[in-house]
Number of protein chains: 2
Amino acid sequence: MTRVLVVDDEPQLLRALRINLRARDFAVEVAADGTAALRLAGDFHPDLVVLDLGLPDLDGVDVIQGLRGWTNVPIIVLSGRAGSRDKVEALEAGADDYVTKPFNMDELVARIRAVTRRAGPEESVRVVTVGAWSVDLADKTATGADGGTLRLTPTEWHLLELLLRNPGKLISQRQLLTAVWGPSYVKETHYLRQYMAQLRRKLEADPARPRHLLTEPGMGYRFQP
Amino acid sequence: MTRVLVVDDEPQLLRALRINLRARDFAVEVAADGTAALRLAGDFHPDLVVLDLGLPDLDGVDVIQGLRGWTNVPIIVLSGRAGSRDKVEALEAGADDYVTKPFNMDELVARIRAVTRRAGPEESVRVVTVGAWSVDLADKTATGADGGTLRLTPTEWHLLELLLRNPGKLISQRQLLTAVWGPSYVKETHYLRQYMAQLRRKLEADPARPRHLLTEPGMGYRFQP
DNA sequence: AACGCGCGTCAGGGGCGCGTGAAGAAACGC
DNA sequence: GCGTTTCTTCACGCGCCCCTGACGCGCGTT
């Protein structure tokens with residue numbers, strides 16, 4: 001059964017969503033604020049998160065980034081504001097879809113189905129090949145074609161894992177910094193340059209001309225398989 | 001069947017629209033003034049509203065806001081006045097498209113189709129085709145028919161994403177400027193011309209004659225799928 | 001015709017982001 | 001306590017992105 005975590009601070013909306021989703025055969029858990037949402041997400045391991053941006057304690061974008069730091073569970077954002085600025089910010093932070101209130105319940109369910117369908121038949125990757133190296137994300141080892149192994153520091157692993165788990169996808173600097181160093185480090189882009197350089201030195205055949213760990217100027221980085 | 005509410009105070013235009021839309025398999029309801037329109041919208045729950053701005057009782061913008069208070073049903077505005085001031089006001093209030101009278105019936109139907117197609121219970125778009133290019137908004141990649149990739153700067157992405165996420169819909173200059181550069185840049189329409197030209201150079205087969213990134217003089221820009 | 005206005009196009013320059021190297025500060029091992 | 005590894009900080013040069021100004025064109029107004 002598909003497990004859904006609903007995060008909203010309005011009791012009646014929470015209740016309406018719970019009833020409607022349970023009637024459609026979803027397992028539903030609810031949270032009323034951002035901190036509870038982040039905690040429950042760790043315990044409940046939902047297949048999908050429905051997140052209201054207007055929470056009492058945390059900013060919605062911070063909740064998204066808090067989740068994106070360790071999981072790429074699909075996130076559907078609810079918001080009372082239709083402003084495209086908010087929408088873009090949420091999507092940039094890692095949301096998968098955006099629904100403005102007031103919304104039609106059938107539409108929301110349709111989007112939930114669409115998002116879970118898309119994320120459904122995925123196997124969580126364990127081994128990724130980066131050039132001549134074979135990286136095992138589960139037991140944290142990297143072995144070369146000649147059988148030699150590579151040593152990576154914890155920070156390097158954290159950064160590399162985020163990129164490798166989203167092959168081909170652009171990960172914004174903000175996302176990387178909040179995930180690896182925390183939300184208060186979003187300005188320290190030089191950390192990224194520093195550690196991306198180290199990863200390239202260790203993994204790329206020609207560190208000056210990376211073929212797999214690519215820079216997207218002004219935006220972020222991307223792992224190209 | 002798609003349900004359309006037509007709001008206009010001219011009986012002959014009302015009649016013409018009803019006949020034409022019914023012939024094209026729309027379910028049509030009509031209202032002759034703003035109050036009737038707001039009441040009927042609540043009862044009829046249309047999938048689309050065609051709204052004449054020149055109503056006897058209420059100002060057109062007030063009708064739009066009255067609808068937007070509880071629903072985000074697509075609204076296409078009709079107006080006899082070609083003044084850009086009215087257009088922009090209507091679009092800012094939440095209208096989805098704008099047609100000046102006298103209008104071509106086929107054009108109106110085409111816009112109705114475009115707007116309803118977009119708002120249907122479809123999954124949120126990730127990949128959009130623009131001419132020969134395939135643009136992935138999630139991965140931030142653009143690949144051509146020959147497999148080549150395209151590089152876009154952050155500002156170009158921001159602008160393009162806004163247009164591509166609202167296919168067929170007219171986005172006002174004000175909206176684009178506030179979303180990409182911030183609210184204090186609403187006068188800098190020069191930026192738009194600059195970056196729209198760059199996007200056309202990169203995406204359009206014939207940048208001088210754009211087929212997908214269209215200019216609506218005095219109002220804004222539109223992405224035509 | 002002259003003028004203003006909006007749009008498209010081109011060229012140039014300043015500033016910022018990126019890559020790189022190096023060194024100090026902190027944490028960890030024994 | 002000492003050496004090593006890891007994290008953080010600083011400095012420097014280069015390339016490119018963003019902004020700016022200019023001009024031409026079409027269109028409607030005076």
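Chain letters run A, B, ... following the sequence lines, proteins first, then strands; residues in each count from 1. Remember, predicted model here, so these are calculated numbers, not experimental data. These values consider heavy atoms only, across backbone and side chains, with no hydrogens, waters or symmetry-generated copies.
- Enclosure of atom CZ in Arg174(B) is not indicated, since only 12 or fewer non-hydrogen atoms of other residues, nucleotides or ligands lie within 6.0 angstrom.
- In this structure, the side chains of Arg222(B) and Asp97(B) come closer than 4.5 Å at one or more pairs of heavy atoms.
- Look at Arg201(B) and you'll find a side-chain N or O under 4.0 angstrom from OP1 or OP2 of dC10(C).
- For dC7(C), the OP1/OP2 oxygens have a side-chain nitrogen or oxygen of Gln173(B) closer than 4.0 Å.
- For Thr189(B), no side-chain nitrogen or oxygen approaches OP1 or OP2 of dG6(C) to under 4.0 Å.
- Map Thr215(B) and Gly218(A) each onto its nearest nucleotide of DNA chain C; the residue landing nearer the 5' end is Thr215(B).
- A straight line from CE of Met219(A) to C1' of dC18(C) spans 15 Å, rounded to a whole angstrom.
- Counting non-hydrogen atoms under 4.0 angstrom, Tyr221(B) reaches the backbone sugars and phosphates but no base.
- Protein atom CE of Met196(A) is 18 Å distant from nucleotide atom P of dG17(C), rounded to whole Å.
- In this entry the distance linking NE2 of His190(B) with C1' of dC19(D) reads 9 Å, nearest Å.
- Distance, Leu199(A) CG to dT6(D) P: 13 Å, rounded to whole Å.
- We find that CG of Leu177(B) is positioned 11 Å from P of dC7(C), with the value rounded to whole Å.
- The CG atom of Leu176(B) sits 12 Å away from the P atom of dC7(C) (whole-angstrom rounding).
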Below 3.5 Å is the cut-off: list the nitrogen or oxygen pairs between protein and nucleotides 14-18 of chain D, distance only.
| from | atom 1 | to | atom 2 | distance (Å) |
| --- | --- | --- | --- | --- |
| dC17(D) | OP1 | Arg151(B) | NH2 | 2.7 |
| dC18(D) | OP1 | Thr155(B) | N | 3.2 |
| dC18(D) | OP1 | Thr155(B) | OG1 | 2.5 |
| dC18(D) | OP2 | Thr153(B) | OG1 | 2.8 |
| dC18(D) | O5' | Tyr195(B) | OH | 3.1 |

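- Contact detail for Asp47(B) and Pro74(B): the closest heavy-atom pair is O-CD, 3.3 Å.
- Contacts of Glu188(A) with the nucleic acid, taken as non-hydrogen atoms under 4.0 Å apart, are absent.
- Side-chain nitrogen and oxygen atoms of Arg193(B) include at least one within less than 4.0 Å of the OP1 or OP2 phosphate oxygen of dC7(C).
- Taking 4.0 angstrom as the limit, Arg200(A) places a side-chain polar atom (N or O) nearer than this to OP1 or OP2 of dG19(C).
- By the 4.0 Å N-to-carboxylate-O rule, Arg209(A) lies too far from Glu204(A) to be salt-bridged with it.
- Side-chain atoms of Gln198(B) never come within 3.5 Å of backbone atoms of Tyr195(B) as a donor-acceptor pair (strictly under, hydrogens ignored).
- Nucleotide dG12(C) holds its P atom 14 Å from the CD atom of Gln194(B), rounded to whole Å.
- Within 4.0 Å of Glu216(B), counting heavy atoms only, lies no atom of the nucleic acid at all.
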List the steps, then state whether side-chain hydrogen bond (donor to acceptor under 3.5 Å, both in side chains) holds for Arg200(A) with Thr215(A). CA-CA 11 Å; Arg200(A) 282 173 181 151; Thr215(A) 303; 2.6 Å; yes

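- Tyr191(B) has its OH atom 9 Å from the P atom of dG21(D), to the nearest Å.
- Between the side chain of Asp57(B) and the backbone N or O of Thr35(B) there is at least one donor-acceptor pair closer than 3.5 Å.
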